[in-house]
K.L.:
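The structure that follows is given in the form of structure tokens.
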Amino acid sequence: MKKNVLVIVIALILSACGAGKALVSVENAPIVAAIDLVNVVDDRVQVDLNPGAFTTSTVIFSIPKTVPGTYSSDNYGQYIQDFKALDYKGNLLQFTKIDENSWSIDNGTQLDKVQYWVNDTYDTENEVDDAVFSPAGTNIAAGSNFMLNLHGFVGYFDGFKEVPYSILIKKPANLIATTTLSKEPNRKPDPLWDGFIAKRYFEVIDNPIMYAKPNTEIFEINGIMVTLSLFSPNNVYKAADLKEKMVSMMGAQKRFLGDVDSTKEYNILLYLSDVNIPDAQGFGALEHHTSTVVVLPEAMDLGRLEQAMVDVVSHEFFHIVTPLSVHSKEIQYFDFNNPKMSEHLWMYEGTTEYFANLFQIQQGLISEEEFYERMLTKINNSLFYDDSMSFTVMSKNILNQPYEPNYANVYEKGALINMCIDIILREKSNGEKSMLWLLKELSKKYGADVPFEDNALLNEIVAMTYPEVGEFFNTHVIGETPIYYDDYFKKVGLATQDVEEPTGYFFDGQVPYMDVDVQNDSVVYIRKNIELNSFFNNLKLKGGDIFRVINGQEINLESLRPVIGESFGWTPETPITMTVERDGEMISVEGTVGQPVKKVKKIVALEGVNEAADKLRNAWLKN
Ligand SMILES: [Zn+2]
């Protein structure tokens, strides 16, 4: 059946090209990939890849080692099993496996097709050390869900990445495809097979397909048709539950971007995973030109799911600016098995992540305080990585040590680099120019099909802007000097300062100021290595002190509970006596409990009036 359909389709395509079958070289014929989602065996699907005729004696077939946007070596070839190369009579051809992702086939001129089985990544994520990030991974769940990140299913022949592909999918009747891959135009509707086409291999992998039971919402946002398709294994969520939030969020993104040329179609493929079984665990999303694959836990409540979707999808959608419209040759001519990395992760991920936060304050989705909070969190998080590592060197070598473990800093310091340049641009241009202006200029100059020279970009940006931007690049992006963020906050009338905030006596919100030592009679002690509140500080108590007596009551895990209960009724004047054990010694203290406060770092407006700085801050956040 499958074979027959294949032959018919090939015949149709060939007659359209006006060529005879046996003579059609691989340059002219589309590569026909057939994927069978009906006859799933042991959680695997069979793929059949039929190219035109080769003229070389050796043919190399590869599955990607890595794909754009993941910045990791994932070796999708490891999921390919029972590889076969067949000649025109159906006989097996000899081949050698070159590495985890490539096969070298002898007697290439006789090669009719290759055939193999594909195993998925989602249900083995917890068994391997370096699991494929789920939004780039694959799922094969017979009859219910197929996440076809096609780089996991369809490979390419060496030297023939630029030829068109025809992708035929035998599908279960109850599942529908969500994808931005183009439908095969001359194909009659067929309940058993879907047909898609791609102009080149890049297009195959740039358009993932999700098959699932219909759970879809389609809406229009200023000229973009957005499709949201959702897979919820336990039917917890419907696409309709998220529609309103996505409409308002993407509408705000479009207003923020203004006249940026964008796609006419955008698909959100949302896979909710079941945390109670072996399932996808890499939560987040991967960007494509016209779609994104998002993976999140189904167990999230609606509020959190909505917020996660806002943060994740807005980030992916802004990737249509960079790298999708502004990128270097390394990305345009991506080498799937020997990738050359670009220097500019500060832009591809940093600018994108920065915009995903900036648009929320500019469009009124979050408050100024929340925006500052987010930037401060990024400053704090960035310190968990090597703050003295050159960002361009890291980017260029991101697949290798010691750079690879610093990758996630592109979302922290990468965004902050953009914030600082944004402030410099506002300052030098009297509030007029911004990072968004710069990216719009770059995307006009380049765009989706014209890449820039990797090592020329920074100089080009300096030529378009100000020498101060060049200084910043040299010192903090190419150079290894950590950024002193207050220098940039000051320009917009802000500073990071310690401020006091109310907290509880024994708890800061849900987080206790004490801990239990189960090894030592379950004694309760004041937590170490945290900033204590004024209650403990004023009584001169320290982290590690073990509670022994409070207000005459001997303290253990049980008897501390009512004391904590009473503390909710304490007033600042309430007296307290306490005995703690410190390094084997008993220490008694007394006093009043006071009003407990904690010290927190905050980004706050500077005291006094500075009209110029305030004007700049308004241009930056309210423009
Ligand atoms: Zn990203």
Side-chain angles (χ1 to χ4, degrees), residues 67-72 122 125 132-137 139 147 149 178 180 208 210 217 219 221 224 226-232 236-237 239 241-254 256-257 262-263 266-273 275 279-324 345 348-361 363 365-366 370-371 374 377-378 381 407-412 414-415:
V67 292
T70 58
Y71 308 104
S72 65
Y122 281 10
E125 276 188 21
V132 172
F133 180 48
S134 310
N139 191 39
M147 183 58 83
N149 267 307
T178 303
T180 42
M210 181 168 81
E217 289 286 331
F219 44 92
I221 292 165
I224 307 180
V226 178
T227 301
L228 167 66
S229 260
L230 184 159
F231 173 70
S232 179
V236 177
Y237 288 109
D241 301 333
L242 294 167
K243 178 180 169 181
E244 201 184 304
K245 199 77 184 173
M246 290 295 100
V247 169
S248 67
M249 187 268 290
M250 294 182 82
Q253 287 194 281
K254 269 296 272 180
F256 171 83
L257 286 175
S262 69
T263 164
Y266 197 77
N267 283 5
I268 303 164
L269 281 50
L270 171 58
Y271 180 94
L272 296 176
S273 82
V275 290
D279 199 352
Q281 294 171 358
F283 304 124
L286 182 65
E287 76 272 18
H288 300 285
H289 279 81
T290 49
S291 62
T292 181
V293 174
V294 186
V295 178
L296 290 169
E298 193 186 36
M300 275 181 157
D301 64 49
L302 181 62
R304 281 179 195 196
L305 181 61
E306 281 184 332
Q307 191 53 51
M309 285 293 285
V310 167
D311 292 336
V312 167
V313 176
S314 64
H315 175 105
E316 301 313 322
F317 186 71
F318 279 136
H319 272 308
I320 63 175
V321 181
T322 188
L324 304 178
L345 273 171
Y348 305 139
E349 291 302 334
T351 305
T352 304
E353 176 65 10
Y354 175 61
F355 284 174
N357 285 280
L358 185 67
F359 97 98
Q360 297 194 44
I361 165 76
Q363 296 295 319
L365 303 187
I366 57 172
E370 196 172 345
F371 179 75
R374 287 171 177 225
T377 305
K378 288 194 184 297
N381 290 350
Y407 170 73
N409 205 14
V410 300
Y411 304 107
E412 314 289 354

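Counting from 1, the numbers follow the sequence of the chain as shown. Because the structure is predicted, anything quoted here is derived from the model rather than measured.
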K.L.:
Counting distance only, does the side-chain N/O of E125 pair as donor-acceptor with the main-chain N or O of Q281 below 3.5 Å?
P.N.:
yes
K.L.:
Counting distance only, does the side-chain N/O of S291 pair as donor-acceptor with the main-chain N or O of H288 below 3.5 Å?
P.N.:
no
K.L.:
Do T263 side-chain atoms and I224 backbone N/O form a donor-acceptor pair below 3.5 Å?
P.N.:
no
K.L.:
Say you draw a straight line from CG of L242 to CG of L302; how long is it, rounded to the nearest 0.5 Å?
P.N.:
6.5 Å
K.L.:
Roughly how far apart are E306 CD and E244 CD, rounded to 0.5 Å?
P.N.:
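Separation between the atoms: 8.0 Å.
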K.L.:
Verify, without hydrogens or angle tests, whether S248 (side chain) and K245 (backbone) share a donor-acceptor contact under 3.5 angstrom.
P.N.:
yes
K.L.:
Answer yes or no: is there a donor N or O on one side and an acceptor on the other, between the side chain of Y271 and the main chain of P135, under 3.5 Å?
P.N.:
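Looks like no, no N/O pair under 3.5 Å.
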K.L.:
Sort out for me which residue in F318, F219, F317 forms a ring-ring contact (aromatic ring centres under 6.0 Å, His included) with Y266.
P.N.:
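Testing each of F318, F219, F317 against Y266, the sole residue satisfying ring-ring contact (aromatic ring centres under 6.0 Å, His included) is F317.
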K.L.:
Would you call I268 and M250 a side-chain contact if the rule is heavy atoms closer than 4.5 Å?
P.N.:
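In contact.
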K.L.:
Would you say E349 and H315 are linked by a side-chain donor-acceptor pair, where the criterion is simply a distance under 3.5 Å?
P.N.:
yes
K.L.:
Counting only N and O atoms by type, is there a donor-acceptor contact under 3.5 Å from the side chain of S314 to the main-chain atoms of D311?
P.N.:
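At least one qualifying donor-acceptor pair exists.
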K.L.:
Identify, with sequence neighbours excluded, every residue that meets salt bridge (Lys or Arg N to Asp or Glu O under 4.0 Å) alongside K378.
P.N.:
E353
K.L.:
Check for a donor-acceptor pair, side chain of Q307 on one end and backbone N or O of G303 on the other, with a separation under 3.5 Å.
P.N.:
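Not at all, since once roles are kept as given, no pair shorter than 3.5 Å links the two residues.
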K.L.:
Taking atom OG1 of T180 and atom CG of L269, what is their separation to the nearest 0.5 Å?
P.N.:
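Answer for the OG1-CG pair, T180 versus L269, is 8.0 Å.
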